[in-house]
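Whatever order the structure lists them in is the order used to number ligands and atoms, beginning at 1. No experiment lies behind these values; they were computed from the predicted model shown.
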Amino acid sequence: MRTVIGIALAVIAVVIAAVMVAGCAVWSSANVNTVGERQFEQELSIPPLLEPRIDGAGRKIFDLDLQQGRAELLPGTTAETWGINGPHLGPTLRAERDDRVTVKIDNALPEATTIHWHGMHLPAEADGGPHQMIEPGERWSPSWTIDQPAASLWYHPHLMGKTADHVYRGLAGMFLLDDPEASALPLPSEYGVDDIPLIIQDKRLDDDGRLDSSQSMISPIGRLGDEILVNGTHDPYVEVADRLVRLRLLNASTARIYDIGFADGREFDLIGTDGGLLEAPERISRIQLSVGERAEIVVELEAGEEAVLRSFEPELGTNAFEGRFAGADDSFDLLELRADEKLDDPPDLPAKLVAQEGPHESEANGVRRFELGNRDINGVQMDMARIDEVVEVGATEVWEVENTSGTPHNFHVHDVRFRVIDYAGEPPPAHLSGLKDTVYVPPGETVRLATAFEDYADPSIPYMFHCHILEHEDRGMMGQFVVVEPGERPAHGEPGHNHAEDHR
Ligand code: C2O
Ligand code: CU
Ligand code: CU
């Protein structure tokens, strides 16, 4: 008997030890760190600027072809990818305030998808959310008028359940907006030369350099990649010939959150966020970007030097365990900037940038509350047949967003730009002081936003609000709102439970 118990205990001890070893392996393999390991061997690719056609009425027409292709994500290998007007990623679209634009999108992919204009103020029927599917072989041609300040926006698929997959395969691009006030400022603005778009994405690639689409069993935010591509380039460098260089940073990943700065800790100027330029440059040394967020920064270089853009361990506000599997301990070298031996010497940055209009809390007609749960918002998951929120056109509202879970989430609202009133009980930090359309919401914290719904009433087609961590969105962490004329009801759809509470 004794020996039987002894053997059993020994077996249990061995099993516990094995589980602990395996656990440690999982724990340590969840940590990715490429700092100091990169050689910066590939020249950064710059997405081409797409020249529009101008039709007889002066409208800018852009043609986008969604297609399958092959791309060299890792040098010397081939991956099957999706792209727009090319095998991987898409061209940069560019338009000016008051331009009338039409985008003709032809879907040559084997699957239906959509293209959404992230950050764009436009009618719901042109928004490109899950209600505007483009079947294989079909064309979708939304038209609208650009009616917002200069900003760095982007476009990507936005369909039910498969947004993460379609973005991961390579469907994403930038959409830059200009306006006369911004264009008159002495800012670096030569596209791809001293004004460089950086589409930052993490990928998991197998030994043959193919995209690994397997799901993560442990990560609370979904698959995290261990390779970073910038504009689709692995291990990139870029040569620059100006003392001041503007970088338009876009986090177009599916889940990963970056805290971006320079390897040598140098400061730089933040000049713009999601919704456009700030009132004045803000001197900072780090900018954290959750999925979907953008920032425009200007960095100063010395002749002949190399400056490495790095992503440091992001502050997610989770516990250590959640954080480890959500990328909180990960760091990456992103890009090496190589300055010429002789640099052009542009004027210093202006002390003031643009005057900001924008919603203020004092103008608000009401408050709406949003609770971000584990995979739901206000206790429900996305239902295309339900309208969650009804907003009257012309209203200014406070949206109060609380992350009641222990998981990282962010919050994005279509159609509008918002101002962060307070962030986790504090006034917004510098990098959240401008106009935004996407904001990180740490576990247990509340973020209050002021936003105005100025026009485009449409009782039948909703806009979306959601967590932009794409696997969360795909699993239902999204809701719908319609903008209606005062007193109007949504045309169809079950009404949701939530109306703005009177503020005063
Ligand atoms: Cu970047 Cu709802 O979208
Ligand atoms: Cu959007
Ligand atoms: Cu989320």
Original post:
Do R368 and E400 meet the salt-bridge criterion of a basic N to acidic O distance under 4.0 Å?
Top reply: no
Answer yes or no as to whether an N/O/S atom of H158 is found below 2.8 Å from the Cu ion (ligand 2). no
Could K104 and D106 be called an ion pair, given the rule that one side-chain N must be under 4.0 Å from one carboxylate O? no
Within the 2.8 Å cut-off the protein N, O or S neighbours of atom 2 (Cu) of ligand 1 are H158 NE2, H414 NE2, H466 NE2
Problem set entry | Charged N-O contact under 4.0 Å between E80 and R210 | no
Open item on the list: Looking at R53 and D63, is there a salt bridge between them, counting it only when a charged N and a carboxylate O are closer than 4.0 Å?
Closed with: yes
Does R417 pair with D437 as a salt bridge, N-O distance under 4.0 Å? no
2.8 Å cut-off met by an N, O or S atom of H116 to the Cu ion (ligand 2): yes
* Asked: Between E361 and R419, does at least one N-O distance fall below 4.0 Å, as a salt bridge requires?
  -> no
Looking at H156, the N/O/S atom that lies nearest to atom 1 (Cu) of ligand 1 is called NE2
Separation between CG (D330) and CD1 (I228), nearest 0.5 Å, reads 8.5 Å
